[in-house]
Engineer: 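Mind looking over this structure? Questions follow.
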Amino acid sequence: MNLAITDVRLTPILVADPPLLNTQGVHQPYTPRLIVEVVTADGVTGVGETYGDTKYLELARPFAERLKGRQVSDLNGLFTIADQVAVDASRVENAVDVGGLRGVQTADKLRLSVVSGFEVACLDALGKSLGLPVHALLGGKVRDAVEYSAYLFYKWADHPEGVACEKDDWGAAVDPAGVVEQARRFTERYGFTSFKLKGGVFPPDEEIAAVKALAEAFPGHPLRLDPNGAWSVETSLKVARELGDVLEYLEDPTLGTAGMAEVAERTGVPLATNMCVTTFAEIKEAFTQDSVQVVLSDHHYWGGLRNTQQLAAVCRTFGVGVSMHSNTHLGISLAAMTHVAATVPNLHHACDSHYPWQSEDVLTERLTFEGGTVAVSDAPGLGVELDRERLAVLHRRWLDDDGALRDRDDAAAMRVADPEWVTPSMPRW
Ligand SMILES: O=C([O-])C(=O)C[C@H](O)[C@@H](O)C(=O)[O-]
Ligand SMILES: [Mg+2]
């Protein structure tokens, strides 16, 4: 068996995204992703997926060059390569609300967001070469299916008039009735039993009303609300008081470790985050201050599946829960999330996934949710197959774009509907 990497292919694509609202604006009609392929000397191809914005592409290209000739089994070596890839200082930002609502943007985190795409591709190729599923390469699954939650969004029925887009069939959801209707469709289509509402869009009282309506429509089901840090400490506490009885957790009610610690100290509602603990460097301060009770890992920016396992081990050590965050992603990443989630013993909350919102994919067969879960594949590698024709179509869309959509910008997308819109300063309420 020859596991040497002889070729690496990077294919940036643009995939359709519905008009989902968040505190910064609205999703663009098409969003960038990067598909990574590594090919071994034996002709085995492994696939990975990560963020596709320019700041990631400019790191992925030199990374790919350095990968050739190495072994797909050399997973630790990926971090050595990452250290050799220079990050332009202009890309680094220390604010916690930059970079698509997922915390600080350090040079290391940018590199790790690229490592993850290559790590998954290497694991896929290694698994296919050895005839083993990725979860076996990670130490073995402890469950046969991974539970996901319905990721509810306030949304418009359509993207603004005149904007080129793919139509979706979800309709609008801009009030409690619309949110409950969306949740019903999620349960009918996918069998989800827990629900997360992306908040920070409307004044807190309206979002409280939406969560109360969900609690009434789905009594006893786990509910979460995530305003991406849009509230002050006092507003967070008010929401916690109003919704304390029905929430499984409140996600990033306010920005930053200190604010989260203050909220956590003054409420019994558990706090989750994918914004104030997004790197290993942030763990010590957050955990010693008891800022968060659940860390939502995202293998893309934590540096891959094995780093996610390490994060889970640290969380277990400190008695902090762990689950998974999601951003717009396709089936390769859902497969990767499912493999790693299957290996984490202390995963006690349903994971997030945007996948139901993505009508387009690059796989020959879409992954499916049954009873709100994705079955853990025992096929070699990730257990997915790339559809080259679809990949070519979505890459063509990227090539044809004049650059306007190649870097996700929810505030810019909002300005198409509301020319006065600027990214709100935080706390918004
Ligand atoms: O849980 C979260 O914070 C997210 O998923 C952040 C994402 O950017 C989400 O808000 C989105 O895509 O609008
Ligand atoms: Mg979040």
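Because only heavy atoms are used, hydrogens play no part in the values below, and waters and symmetry mates are left out as well, while side chains stay in. Atoms within each ligand, like the ligands themselves, are counted from 1 in listed order.
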Engineer: Would you verify whether the NZ or CZ of Arg428 falls within 45 degrees of the ring axis of Trp231 while also being under 6.0 Å from that six-membered ring's centre?
Structural biologist: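 The answer is no, since Arg428 fails at least one limit relative to Trp231.
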Engineer: Heavy-atom contacts under 4.0 Å between Arg102 and ligand 1: side chain, backbone, both, or neither?
Structural biologist: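 Neither part.
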Engineer: Can you label the angle between the Phe63 ring and the Phe118 ring as parallel, tilted or perpendicular, going by 30° and 60°?
Structural biologist: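 Ring orientation of Phe63 relative to Phe118: parallel.
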Engineer: Decide, counting backbone as well as side-chain atoms, whether Asn274 has an N, O or S atom less than 2.8 Å from the Mg ion (ligand 2).
Structural biologist: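 Here the distance criterion (N, O or S atom, under 2.8 Å) is met by Asn274, so yes.
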Engineer: Just heavy atoms, cut-off under 4.0 Å: does Leu20 contact ligand 1 by side chain, backbone, both, or neither?
Structural biologist: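 Neither part.
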Engineer: Between Asp226 and ligand 1, does any nitrogen or oxygen pair lie at a separation below 3.5 Å?
Structural biologist: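 Right, the criterion is met.
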Engineer: Do the rings of His329 and Tyr355 sit parallel, tilted or perpendicular, given the 30° and 60° boundaries?
Structural biologist: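 Plane angle under 30°, so parallel.
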Engineer: Report the distance from atom CZ of Phe195 to atom CZ of Arg224, rounding to the nearest 0.5 Å.
Structural biologist: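 If we round to the nearest 0.5 Å, Phe195:CZ and Arg224:CZ are 10.5 Å apart.
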Engineer: For the rings on His349 and Tyr249, is their centre-to-centre separation under 6.0 Å?
Structural biologist: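 They qualify: ring centres under 6.0 Å apart.
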Engineer: Got a sec: is Asp226 within less than 2.8 Å of the Mg ion (ligand 2) via an N/O/S atom?
Structural biologist: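 Looking at Asp226, which is the residue asked about, there is an N, O or S atom under 2.8 Å from the Mg ion (ligand 2).
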Engineer: If you take the nearest heavy atom of each of His325, His354, Lys196, which one is closest to atom 4 (C) of ligand 1?
Structural biologist: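 That would be His325.
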Engineer: Looking only at N, O or S atoms, find the one in Glu251 nearest to the Mg ion (ligand 2) and name it.
Structural biologist: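 In Glu251, the N, O or S atom with the shortest distance to the Mg ion (ligand 2) is OE2.
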